[in-house]
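Right, one structure below, let's go through it.
In what follows, chains are A, B, ... by sequence order, proteins preceding strands, each numbered from 1.
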2 protein chains.
Amino acid sequence: MKENPVTPPARPRPVTLATVARHAQVHVSTVSRALSADPVGIGADTVLRVRELAAVLGYRRNEGAAGLRTGSSRLIGVLVPRLTDLVLASIYESIDAAASAAGYGTVVANTLDDPEHRRARLDALLSRRIDGVIIGDSHLGDTVAHELRSSGVPYVLVMRKLEGHLSVTTDDYRGGQLAAQHLLELGHRRVGVIAGDQLASTGRERTLGFRRTFESAGYPLPDPCVVESAFSTPSGLVAAEKLMRLPEPPSAVFAVHDLLALGAMGAIRDAGKRVGEDVALIGYNDLDLAATLPVPLTSVRSDLQRMGTLSVEALLAGIKGQAAASVLLPPELIVRATTPPLQV
Amino acid sequence: MKENPVTPPARPRPVTLATVARHAQVHVSTVSRALSADPVGIGADTVLRVRELAAVLGYRRNEGAAGLRTGSSRLIGVLVPRLTDLVLASIYESIDAAASAAGYGTVVANTLDDPEHRRARLDALLSRRIDGVIIGDSHLGDTVAHELRSSGVPYVLVMRKLEGHLSVTTDDYRGGQLAAQHLLELGHRRVGVIAGDQLASTGRERTLGFRRTFESAGYPLPDPCVVESAFSTPSGLVAAEKLMRLPEPPSAVFAVHDLLALGAMGAIRDAGKRVGEDVALIGYNDLDLAATLPVPLTSVRSDLQRMGTLSVEALLAGIKGQAAASVLLPPELIVRATTPPLQV
DNA sequence: GCCCTTCGTGCAATCGTTTGCGCCCACGGG
DNA sequence: CCCGTGGGCGCAAACGATTGCACGAAGGGC
């Protein structure tokens, strides 16, 4: 005896164009046209009647079927390292909002910064015949963008840039400069950097802008003062611990991500020092929570919402076959309590 | 003259079953079978040849077309209030991981706790013919679950529960009790609650468990000591400010969400008090960042990963037509520096 | 009164996949 | 030698929506 497979409860047959057509006593093509955005070549009364009927019957367009015919899924894919990174979550939110305002849906994929996983997820996206991709997790040496280009799928990089590809980012080098200038003006000379992932343009450029500025001022940073890390709170803790254990620990720390700064706060506290008073601290991205921390965090703000919106615009242009130019948004330094004037 | 519409650059025609069939000199149905998980009724050599060819040609199954035929999109929809709420982002991450391990894709929709917006997003999901829905943003009096049930779409509630619907949650009432007991043992008698959204079962039950426990101990909370709020850092700040401005401000605060606690830290500091030493604080969910804050946060932990995984299991069971039971996970109190022993 | 538009609608092909059914051939047994 | 069997494969019909084309009727100009 074959084991009895549990049969899924019969879902009521969904109402299709044919259902509506039968009720309206017209052909399905007429229904299709009547329901389209601008019903051309159909009598005004028919349009009204069909639309009403469709509403009553609870007709819902089958996007999959429509996409099969039209060749467009009206879906865009979004690649992010992880959504638990608040920064990417914010960007994704605005991407989703902008896309759905333009009539597109979005599908997001966590790539966990793992190449194999990433490929699998992208494959799944392409299987859904997405119309374009927004890449929020590009790495130095990453080939995905190249592949997309050669296979003709429109794409845009957001947040992290890559030489030779369309991108919407903020000027991270400049952001690093801003942080450095601020610390220099306050009189800091021995400083540390929690540098994030150096394969990501964000970590790299912010660090570079910062280092170069200190260098030009005559205070180059010794290598041990720059610690690589992931982009999470726990790894901020670990990195800052290293800095605090240095023979001459820095009087100020620049973390290239607010969550790293948050972790650093823990390490500074553990080292028996007070954030702000004993060790100055600057974060990056100016997340909501930066302002409300026990000691409000000085941070370099980047406009995440705007980045998301602009990346969608750029992608949509690409999908329509129009050219779009890369965008570089200006960062802004928001000074708060973690970088008080030095009391000498 | 009609304005020249920019024609999208001709995307190379994607390779379909027909393409592979032509190269392999077999019928498309043979290719389809050869490529299926267990190719039955097809010669082993043919299977091999076809698969190889498919790989070489870069064949990718068109999920939309397949779904049209099979009636299943292998897609599940996820409704969350917002992804910038770290808690929901964590749950979604584990949902996505579990789903994709089971061969399903996920589509997430931010509902922003706005009914109209929510309906629009759900409609879009249903238009994609999703196989089921995981609801992470249910509200008291919410009708979406009812509608899904009557339209026969499988669904599961996660994080927030609703009487009479399948759900995977943690025991929030118990969590509130744990927090209360801890504060009582430390000797706190005048306490405040940042209660979150009372239409969400999380906010409601955590608050209720907490209040009841204080009540049974003989220290009922006056109403002004319980402040409703959203679930974000800024609204935690506002709520805590109210508490701090009370004629007799509380010696301890229970925030039903870590981000609220984070905001509360800001307000406590602004009121000229020190977190932990002057005002004890308990959060909820035990996010990563709780442990690494300048003053590590005592928090009630709920196992977000597990909730996500279990909700997928339950939904998949529902999709297969099997019955599933609601799950109630136990919370756990993690004591840290924000609730030190009272020095009398 | 005839022809040519124009409008409103129906017809049918098409997108890519899956799957029940039937055909052909080889093989083995009687 | 014949027939039954079954493995291996092709055929064609779906699934639901879109869209170029054709067709019929109405209307206007001559």
Side-chain angles (χ1 to χ4, degrees), chain A residues 10-51 53-54 57-75 103 126-131, chain B residues 10-51 53-54 57-75 103 126-131:
Chain A
R11 274 219 227 178
R13 236 169 173 301
V15 13
T16 73
L17 279 190
T19 322
V20 181
R22 209 174 318 119
H23 281 80
Q25 309 261 48
V26 293
H27 195 262
V28 313
S29 65
T30 306
V31 178
S32 173
R33 280 186 256 258
L35 257 30
S36 80
D38 77 323
V40 57
I42 300 287
D45 46 347
T46 313
V47 170
L48 232 62
R49 193 162 49 90
V50 167
R51 293 201 169 177
L53 220 42
L57 294 172
Y59 170 76
R60 230 187 306 261
R61 187 167 180 263
N62 183 329
E63 295 288 346
L68 180 56
R69 172 65 226 245
T70 60
S72 152
S73 58
R74 295 195 81 74
L75 218 45
L126 292 174
S127 274
R128 305 263 171 212
R129 293 299 188 269
I130 44 171
D131 291 346
Chain B
R11 272 218 228 177
R13 236 168 173 301
V15 13
T16 73
L17 280 188
T19 322
V20 181
R22 207 174 318 119
H23 282 79
Q25 308 261 50
V26 293
H27 195 263
V28 313
S29 64
T30 306
V31 179
S32 173
R33 279 187 257 256
L35 257 31
S36 80
D38 78 323
V40 56
I42 300 288
D45 48 345
T46 313
V47 170
L48 232 62
R49 193 162 49 92
V50 167
R51 293 200 170 178
L53 219 43
L57 294 173
Y59 169 76
R60 229 187 306 261
R61 187 167 181 262
N62 183 329
E63 295 289 346
L68 180 55
R69 171 65 226 243
T70 61
S72 154
S73 58
R74 296 196 80 73
L75 218 46
L126 292 174
S127 274
R128 305 265 172 211
R129 293 297 188 271
I130 44 170
D131 292 345

Taking all non-hydrogen atoms of both residues into account, name the closest pair between B:Pro39 and B:Val47 and its distance. CB-CG2, 3.8 Å

Using a 4.0 Å cut-off to any heavy atom of chain A, which nucleotides of DNA chain C are the first and last in contact, reading 5' to 3'? C:dG8 to C:dG16

Any donor and acceptor pair, going by atom type alone, linking the side chain of B:Arg51 with main-chain N or O of B:Ala34 inside 3.5 Å? yes

Please report the shortest heavy-atom distance between B:Leu53 and B:Val20, naming the atom on each side. CD2-O, 4.3 Å

Taking atom C1' of D:dA17 as reference, at what distance in whole Å does atom CG of A:Leu35 sit? 11 Å

Distance-only, no hydrogens or angles: does the B:Ser73 side chain make a donor-acceptor pair with backbone N or O of B:Arg129 under 3.5 Å? yes

B:Asp131 versus B:Ser72, closest heavy-atom pair with distance: OD2-OG, 2.7 Å

Considering just the side-chain nitrogens and oxygens of A:Arg61, establish if one lies under 4.0 Å of OP1 or OP2 belonging to D:dT18. yes

Could you check whether any side-chain heavy atom of A:Arg128 comes within less than 4.5 Å of a side-chain heavy atom of B:Leu75, counting everything from C-beta outward? yes

Distance in Å, B:Tyr59 OH paired with B:Leu17 CG, rounded so as to fall on 0.5 Å steps: 3.5 Å

B:Leu68 CG to A:Asn62 CG distance, which is reported to the nearest 0.5 Å: 6.0 Å

When the axes are fitted on five pairs at both termini, how much does the helix from C:dG1-D:dC30 to C:dG30-D:dC1 curve, in 10° steps? 60°

A:Val15 and A:Gly58: which non-hydrogen atoms are nearest, and at how many Å? CG1-O, 3.6 Å

Between atom CZ in B:Arg129 and atom P in D:dC15, what is the gap in whole Å? 13 Å

Using a cut-off of 4.0 Å on non-hydrogen atoms, how would the nucleic acid contact of B:Thr70 be classed: base, sugar-phosphate, or nothing? sugar-phosphate

How many whole angstroms separate atom CG of B:Leu17 from atom P of D:dG10? 13 Å

Pairs under 3.5 Å (N/O, protein and nucleotides 7-9 of chain D):
{"residue": "D:dC9", "atom": "OP1", "partner": "B:Thr46", "partner atom": "OG1", "Å": "2.8"}
{"residue": "D:dC9", "atom": "OP2", "partner": "B:Gly43", "partner atom": "N", "Å": "2.6"}
{"residue": "D:dC9", "atom": "OP2", "partner": "B:Thr46", "partner atom": "OG1", "Å": "3.2"}

Please lay out, stage by stage, how A:Arg49 and A:His23 fare under the test side chain to side chain contact (heavy atoms under 4.5 Å, CB included). CA-CA 10 Å; A:Arg49 193 162 49 90; A:His23 281 80; over 6 Å; no

Tell me the closest heavy-atom pair linking B:Gly103 and B:Arg74, and the distance in Å. O-NE, 3.3 Å

For B:Arg69 and D:dA12, give me the distance from atom CZ to atom C1', rounded to whole Å. 11 Å

